[in-house]
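Worksheet: one structure, shown below.
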Amino acid sequence: MSDLAFEHGEEHPPHPFLQHHFEDLGQQHEASTLGMWAFLCTEILFFGGVLLAYWVYRIMYPAAWALGAEQQNTLAGGTNTLVLIVSSLTMALAVRSAQLNNRRGTVLMLILTLIFGTMFLGIKSYEYHAHWMEGLFPGAHWHWQPKDPAISALTPKVQLFMVFYWGLTGLHALHMVIGVGLLLYILARAWRGDFHAEYYAPVEVMGLYWHFVDIVWIFLFPFLYLIPHVGAHHVG
Amino acid sequence: MLIADFPLFPDQASTMASKVDNLYLFLIALCGTVSVGVFLTIFYFAIKYRRRPDNEIAEDYEPPKILEVTWIVIPSILFLGIFVWASWVYFQLARVPDNSLQIYATAKQWMWKFQHPTGQREINELHVPVNRPIKITMASEDVIHSLYFPAFRTKMDVLPNRYRTMWFQATKTGRYHIFCAEYCGTLHSGMVGWVDVMEPTAYQTWLAGGSEGSLASQGEKLFQKYACNTCHTNDASGRGPVLIGVYGSSVMLSDNTIVPADDNYIRESILNPQAKIVKGFGPPSVMPTFQGQVSEDDLLKLLAFVKSLGSTRTAAPAVASPQSSTTTAAAQTTKEPKKKP
Amino acid sequence: MTTTTLHDVRFIEPAKTRNYLNEDYGFFSWVLTRDHKRIAILYLISVTIMFMVGGFFAMMMRLELLTPEGDLLTSDTYNKFFTLHGIVMIFFFLIPSIPAVLGNFILPLQLGAKDLAFPRINLLSWYLYIIGASFGTYVIISGGVDTGWTFYTPFSTQYSNTHVFATTLGAFIVGFSSILTGLNFIVTTHRMRAPGLTWFRLPLNVWALYATSIVMLLATPVLGITLIMLMIERVLHVGIFDPALGGDPLLYQHMFWFYSHPAVYIMILPAMGVASDVIAAFTRKRIFGYKFVAFSSLAIAFLGFLVWAHHMFVAGISVYSAMIFAFLSFFVAVPSAIKVFNWTATMYRASVSWQTPMLYAMGFIGLFTIGGVTGLFLASLGLDVHVTDTYFVVAHFHYVMVGGAVMAYMAGLHYWWPKITGRMYPEWWARLAALLIFVGFNLTFFPQFILGYLGMPRRYHAYAPEFQVLNVLSTAGASVLAVGYALPLVYLLLSLKLGRPAGPNPWGAVGLEWTTSSPPPKENFHETPVVTWEAYDYRGMMKAMGETQNV
């Protein structure tokens with residue numbers, strides 16, 4: 001029950017963005033951020049479920065996992081990691097600008113975040129396209145075989161790896177697409193001048209979400225692209 | 001319905017039955033007392049302290065807080081006791097006696113197939129001698145099933161990807177239910193059968209009935225049919241490890257880990273040769289996979305054959321001395337193992 | 001005798017005209033509403049329909065089981081019916097029943113808030129529920145599904161040729177409904193409490209809903225992702241769980257029960273909350289050991305996450321992990337025992353009313369106790385081997401879910417019915433229904449304990465003839481139970497027209513929800529309440545009331 005809004009003095013008419021069931025903007029702000037944190041807890045368990053399955057099979061089939069990771073374009077994945085980290089910085093700066101009543105700064109930083117987010121999705125689709133062409137999509141379309149026929153027995157397990165690859169990156173990309181959509185909405189509102197030092201909760205909540213999606217990728221990149229070969233033998 | 005057809009308690013027909021029942025009856029006594037106690041107390045309070053015009057608001061009375069401690073500590077101690085007792089029973093259910101008679105089972109939608117070491121096969125019917133521990137090694141050909149003998153108080157899920165082992169020792173001759181306890185599709189409730197517990201002499205007579213040779217010898221024929229013997233020769237000249245003496249030993253793998261060569265190891269090595277490769281034979285292993293080519297029944301025969309190779313290379317495919325298995329092997333630390341037919 | 005009696009307790013005179021029901025009219029004022037009270041009504045209608053659907057399947061199964069032969073239904077139909085009964089009752093009735101109907105209505109009122117923190121998300125939850133239920137309905141109409149509600153692989157992914165995909169998609173979607181409800185409750189409880197309403201002044205119902213919400217938030221996503229993997233395996237024929245392609249069916253079971261065991265607490269925790277509130281109201285007494293009861297809810301929510309593999313003692317886990325899970329399972333029973341003993345102790349030297357909600361609550365304590373102690377049988381490793389997957393398990397969870405959760409739901413529905421509708425239900429009929437449900441329930445499910453120990457496996461369409469007598473008893477009980485559930489449907493509906501006006505506080509209960517008019521106005525309170533008394537504090541509230549009247 002924060003009295004934050006009242007500390008700033010005189011009697012206002014209710015703020016245009018204060019929803020009817022909240023006492024004041026402070027309460028509304030705290031509710032939105034707590035809501036997003038709670039949602040992110042759900043998200044962690046959601047990704048956690050697949051990651052658990054991923055690890056079970058990674059331990060069961062280390063050679064196939066290493067071979068699967070070898071099929072990934074590490075340069076593209078690495079670039080994407082960098083792009084996302086920078087986008088998190090611009091997102092944080094957007095929140096900062098909103099807190100400082102800097103409308104121009106907020107808009108600029110949101111646009112940059114949007115650009116980086118789109119860039120990530122672009123690079124990701126390039127990778128997806130390459131995988132599709134190589135027959136690395138699980139199911140009926142699968143036609144990839146290891147170059148060394150001696151290890152063709154690993155193929156079904158590599159396919160299992162690719163199920164996790166597509167599942168995890170696909171789930172992550174879905175979050176990115178939703179994030180980009182939300183960014184557009186926040187950007188439009190920032191453009192209109194909705195946000196200022198007393199009311200910037202939507203930008204902050206957007207930021208929380210964006211950082212979360214970023215952090216997920218920080219885990220996915222080593223899990224899917226950088227798997228060392230087990231033991232002394234080179235299997236690929 | 002006659003009262004005679006209306007049992008309230010199942011047959012006690014195994015060594016474990018009375019142990020499980022004692023725990024059950026103790027829990028009924030304990031939990032029944034608690035439940036009835038709670039019921040009666042509620043009822044008594046509800047009548048004694050029923051609302052009257054002069055007690056519209058309850059008396060300002062707080063029972064002593066020590067009660068809280070009481071009903072946290074006492075149940076906890078009781079629970080601990082029950083836990084220990086129940087685990088003791090569970091351990092006995094899990095530990096297969098050494099001198100067990102080995103029987104193999106395959107589950108498939110919707111039947112139970114049993115194979116005796118001497119080669120007899122039966123469907124939805126299992127003949128066993130009384131007063132002798134019986135060990136069942138089993139796998140499923142399709143979905144998950146569960147082999148359940150209510151009269152023996154034992155049950156175990158049958159999985160499609162590995163062998164599991166259960167045991168019982170019947171104490172009373174007679175015919176008892178076999179149920180499938182894990183839902184497995186359309187005729188789940190039809191996946192039932194009978195276990196015939198027989199006097200040892202009657203069992204021997206029954207065993208003398210038709211058989212296509214011992215399981216191990218049937219396995220040996222398969223060993224040749226699938227050309228396993230071209231690589232797994234009797235000396236170190238083959239492209240695969242020598243199998244003599246492998247079963248029950250410890251095997252050094254290519255990544256320098258050591259694993260026990262048990263039922264599941266043999267099974268996995270046939271179906272998925274790349275999974276555990278014997279040191280010196282890869283990776284990759286040159287053995288093709290037999291996944292999807294060998295039926296569960298045949299796998300069990302191959303297993304029986306590999307087991308029969310026991311610990312010495314002179315051992316001819318030994319015909320079913322039913323004790324076999326766990327007692328063999330062990331001593332020899334044969335470093336060479338198996339892999340690839 | 002003081003100058004005021006409890007029946008005069010009202011802080012605010014009931015509004016003569018305006019309340020949430022007559023604020024707007026028309027179809028869209030309901031389906032687009034953001035008022036938590038109207039959304040609760042939408043849920044009430046939806047879950048009641050689903051309850052009838054699930055009940056129909058149950059009745060057909062009990063009729064089939066009258067005779068040992070499979071003569072009424074084919075085995076495929078029977079398999080579909082028990083599957084649909086489980087799916088409908090668990091995902092579409094029990095999980096949303098108390099939280100989404102009663103919780104939705106009562107939580108903001110008990111907190112002194114105008115609404116839940118996120119009214120739009122609340123409405124979205126209901127739509128997700130409806131979309132999920134539409135998939136369920138589609139499945140029922142177009143031929144059903146036969147995997148059992150547990151969707152065990154590889155049967156569900158490679159062998160069943162029924163509508164597994166649509167069913168799991170429906171369950172997935174309805175899962176998000178429950179996640180969003182939980183999220184809403186957590187934020188509302190943290191951020192929207194009325195001035196003076198500290199955590200230890202909250203009704204125990206709020207504590208229970210809060211604990212439930214944590215479980216919803218943290219367990220449901222794991223089910224969601226597990227079902228997605230199942231759908232992927234089914235569509236692409238890859239081996240996530242299929243052993244033929246390198247997968248592990250036990251991994252599915254672990255992931256499924258990681259949700260579905262806590263899901264049991266999603267169903268029973270709010271029931272415990274309702275029971276606490278009802279017992280306090282009808283004994284006119286503070287619940288004994290308030291803090292113990294409050295924290296036991298959180299303890300159950302926490303421990304509930306650590307016991308999932310007790311569903312798998314014969315499924316293929318190691319002896320030692322079985323021991324760990326059995327040990328923890330015993331200790332999840334301790335906080336439940338604390339609650340039972342505290343409720344019972346509350347009735348000591350109380351002022352016990354025999355009105356309908358209290359009858360249900362007393363039934364709840366008794367039946368939940370039986371359900372709970374038979375859980376100990378199942379946690380006992382050596383004994384579980386014999387009784388798991390038999391009718392013993394069926395009886396156990398129906399004692400907890402129907403004897404526990406549904407009894408408490410009925411208690412809460414009758415307790416808050418005057419608040420929801422502004423009218424009283426007919427007391428005599430309600431007591432009759434409560435009695436019928438209690439008798440019918442025990443007749444239905446008690447014989448199943450015996451059947452289970454005899455060894456009758458669950459999910460059996462045809463069974464051995466010696467099990468018939470007990471099955472006939474069970475079916476007879478089910479008919480009584482059906483009548484018991486049909487009665488409230490009739491008299492509650494009639495009470496909307498014929499019931500006498502309830503007034504703000506017909507029970508003389510404490511709690512913020514009883515300080516506003518019945519039905520409450522759109523924004524719940526005419527002015528923001530300020531709380532100065534402890535939870536269930538009759539004397540404190542009387543005093544506060546006296547001061548208010550003096551002002």
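Note on naming: letters A, B, ... go to the chains in the order of the sequence lines (proteins, then strands), and numbering restarts at 1 for each one.
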**Asked** Out of C:Leu217, C:Asp115, C:Val222, which one racks up the most heavy-atom pairs below 4.5 Å with chain A?
**Response**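 When all of C:Leu217, C:Asp115, C:Val222 are compared, C:Leu217 has the most.
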**Item:** For chain A, the option from C:Asp248, C:Ile232, C:Asn524, C:Thr226 that forms the most heavy-atom pairs under 4.5 Å
**Value:**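 Option with the top pair count is C:Asp248.
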Taking side chain as everything from C-beta outward and backbone as N, CA, C, O, which of these in [X] sits under 4.5 Å from a heavy atom of chain A? Side chain, backbone, both or neither.
X	answer
C:Thr528	side chain
C:Ile179	side chain
C:Tyr259	neither
C:Arg120	side chain
C:Leu251	side chain
C:Phe185	neither
C:Leu116	backbone

Please indicate whether [X] has more than 12 foreign heavy atoms, meaning atoms of other residues, nucleotides or ligands, lying under 6.0 Å from its [atom1].
X	atom1	answer
A:Trp144	CH2	yes
A:Arg189	CZ	yes
A:Tyr126	OH	no
C:Phe302	CZ	no
C:Tyr127	OH	yes
A:Tyr185	OH	no
A:His143	NE2	yes

**Asked** What heavy-atom pair brings C:Leu183 and A:Ala38 nearest, and what distance separates the two atoms?
**Response**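 For C:Leu183 versus A:Ala38, the nearest heavy atoms are CG-CB, 4.0 Å.
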**Minimal non-hydrogen separation, C:Leu218 against A:Cys41, with atom names** =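 Heavy-atom minimum between the residues: CD2-CB, 3.9 Å.
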**Message:** If the contact rule is any heavy atom under 4.5 Å from chain C, which residues of residues 162-181 of chain A qualify, in numerical order?
**Reply:**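 Only A:Val163, A:Phe164, A:Leu171 of residues 162-181 of chain A have a heavy atom under 4.5 Å from chain C.
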**Request:** Spell out the residues in residues 42-59 of chain A that have some non-hydrogen atom less than 4.5 Å away from a non-hydrogen atom of chain C, in order of number; otherwise answer 'none'.
**Result:**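 So far as heavy atoms go, A:Thr42, A:Leu45, A:Phe46, A:Gly49, A:Val50, A:Leu52, A:Ala53, A:Val56, A:Tyr57 are the residues that approach chain C to under 4.5 Å.
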**Item:** Gap separating the CZ atom of C:Arg191 from the CD atom of A:Glu23, nearest 0.5 angstrom
**Value:**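 If I round to the nearest 0.5 Å, the distance is 14.5 Å.
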**Request:** Without swapping roles, check the side chain of A:His21 against the backbone of C:Ala113 for a donor-acceptor pair under 3.5 Å.
**Result:**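 Checking the backbone N and O of C:Ala113 against the side chain of A:His21, no donor-acceptor pair under 3.5 Å is found.
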**Request:** Check whether any side-chain heavy atom of A:Phe22 lies under 4.5 Å from a side-chain heavy atom of C:Lys114, and answer yes or no.
**Result:**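 They are not in side-chain contact.
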**Message:** Taking side chain as everything from C-beta outward and backbone as N, CA, C, O, which of these in A:His141 sits under 4.5 Å from a heavy atom of chain C? Side chain, backbone, both or neither.
**Reply:**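 The answer is neither part of A:His141.
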**Message:** Given heavy-atom pairs under 4.5 angstrom as the criterion, report whether the side chain, backbone, both or neither of A:Leu34 touches chain C.
**Reply:**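 Both backbone and side chain of A:Leu34 come within 4.5 Å of chain C.
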